[in-house]
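As the structure lists them, so they are numbered: ligands from 1, and atoms in each ligand from 1.
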Amino acid sequence: MKKEIMLNTKNLAEISNQLPTPTFDRALLKPGIVHVGVGGFHRAHQAYYTHLLQEKGDAAEWGICGIGLRKGDQKIHDVLQKQDGLYTLIVNHPDGKIDSQVIGSIIDFKLGHETPDVVIDQMAHPDTKIVSLTITEGGYNFNSSTGDFDFDNTDVQHELQHPNDPKTIYGFLTAAIKKRRNLGLPAFTVMSCDNIQHNGDVTREMLLAFANRQDKELAEYIEKEVGFPNSMVDRITPVTTQADIDYLESTYNVKDEWPVTCEPFIQWVIEDNFSNGRPEFEKVGVQFVPDVKPYEKMKLRLLNAGHSVLGILGAIHGHPTINACMEDDLFVTYLRAFMDEEATPVLDKLEGIDLTAYKDSLQERFANPNIKDSVSRICSESSAKLPKFLIATIQDNLAKGGSITYATLVIAAWCYYSDKGIDKNGNPIEIIDATQEQLHAAASKTNTDPLAFIRQESIFGNLINEEKFTSLYSELVQQIYTDSDIKKHMTKLI
Ligand code: CS2
């Protein structure tokens, strides 16, 4: 067999015989964007849009410097450094067509875990104009039920005492903003790209709460000078598997240690609220709107919640992937009933959007047989996701007397999932959640106290006081504990 070609700058010319590679001069790019959290999603979405813009020329000031703040970011750092920031994006179409191309917008990568100064200096560099974030729903450090900043977090306490040794995004942002101010440099924009409703507003509020404790004057400066655009981001990006790496090797003879796979669909709707300039993303299909909130809500309450409905019910049933759930008619009917009867009635008015078409398109996207998005990815960090995606819909429906049954079964199933960690065939379920122990401890009391799981106030807020919810939940959770065949319970509700 021919020796494989390692993906890096030196080999790009050779690789371009096999795959589309960047046609712009990457050596001219300056890191105008500092991005924290370089996971698959960032690389399939923002970094891809940025690459498209660079392909059009004239976006040299918007190269991306990746940042990892956690120990676990070492691996992606090492891979991307070795590959000069290059990686392959593999787009899997429903009909089996696969488009692969090498993306060139990431030009550097820095780690903050052991060397916070390196990251602060990068953020405070004159070239930096935007600090963007995909730090996951859990990374924002707010209490899901009150929305308040969580000052009990030990990392936050540490960085409040030691501003030069930041640990969380808030410590890094304040240190960098302060440094820029001292240097007389304009403030950067902080652009959240996470699935949180009003993600810019939330980032602003949390950063201000933190900064107010640390340095009131700085907080006032942030309030005046820093832009926090809200955005809705969308592209289904499953976890990369060895099969993806092998595919590139066997098809193109290219060795990429960490490619990204994704669906063809992509969307980014964002508010034009930048404090220090921005890329002309509208040239590559990004929508700039005055108010993104209705779009965010639609996506979180239909797409993300729909994922969670399939993921949690699917995990207990033993469906490994979202597309496997969509091959099961009962799951499709259940999903649609949830979207139509519970999620849609509590959405805001959306001018010019055909919700039926949107829901149809979600079903098609979920069913893409070549995406193979694992239910374990979808269920991961449910404690941070569900309050926004699903529990909010239950609360809205309780307030207006709407239906809550489909969503409540999912909560009951989540309790069972957290308690037992096995599917219907007794196979272990991989549970990934920062609060896994707390979830397990609460769920495991269900036999003696059927409401134990929903007494977790940080997740469920005051739902424990809602009789309509507690009586339904109690009935459903006991049914699942008596017979874990989830499809029986789904069938009864439809
Ligand atoms: C998923 C999202 O895990 C999840 O919550 O629903 O990662 C989803 O795939 C993306 O938001 C799609 O844009």
Exercise for the section: Please lay out, stage by stage, how D201 and N230 fare under the test side chain to side chain contact (heavy atoms under 4.5 Å, CB included). Expected result: CA-CA 7 Å; D201 296 348; N230 290 305; 3.2 Å; yes
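- A salt bridge links K297 with D348: the closest approach of a Lys/Arg side-chain nitrogen to an acidic carboxylate oxygen falls below 4.0 angstrom.
- The distance from ligand 1 to the heavy atoms of R235 drops below 4.0 Å at these ligand atoms: 12 (C), 13 (O).
- For ligand 1, the atoms sitting less than 4.0 Å from at least one non-hydrogen atom of K299 are 10 (C), 11 (O), 12 (C), 13 (O), numbered in the order shown with element in parentheses.
- A salt bridge links R365 and E263; the closest N-O separation between the charged side-chain nitrogens and carboxylate oxygens is under 4.0 Å.
- Atom 9 (O) of ligand 1 has R377 NH2, 2.8 Å as its closest protein atom, hydrogens excluded (heavy atom only).
- Within the 6.0 Å centre-distance limit, the rings of F453 and F460 are counted as a close aromatic pair.
- The single protein non-hydrogen atom nearest to atom 8 (C) of ligand 1 is N304 ND2, 3.6 Å, given as residue, atom name and distance.
- By the criterion of a heavy-atom distance under 4.0 Å, both the backbone and the side chain of D234 are placed next to ligand 1.
- A centroid separation of 6.0 Å or more is found between the aromatic rings of Y170 and F172.
- The nearest protein atom to atom 6 (O) of ligand 1, hydrogens excluded, is given as H307 ND1, 2.7 Å; this is a heavy-atom distance.
- Ring geometry for Y140 versus F142: interplanar angle of 30 to 60°, hence tilted.
- Interface of K385 with ligand 1, defined as ligand atoms under 4.0 Å from a residue heavy atom, comprises 3 (O), 4 (C), 5 (O).
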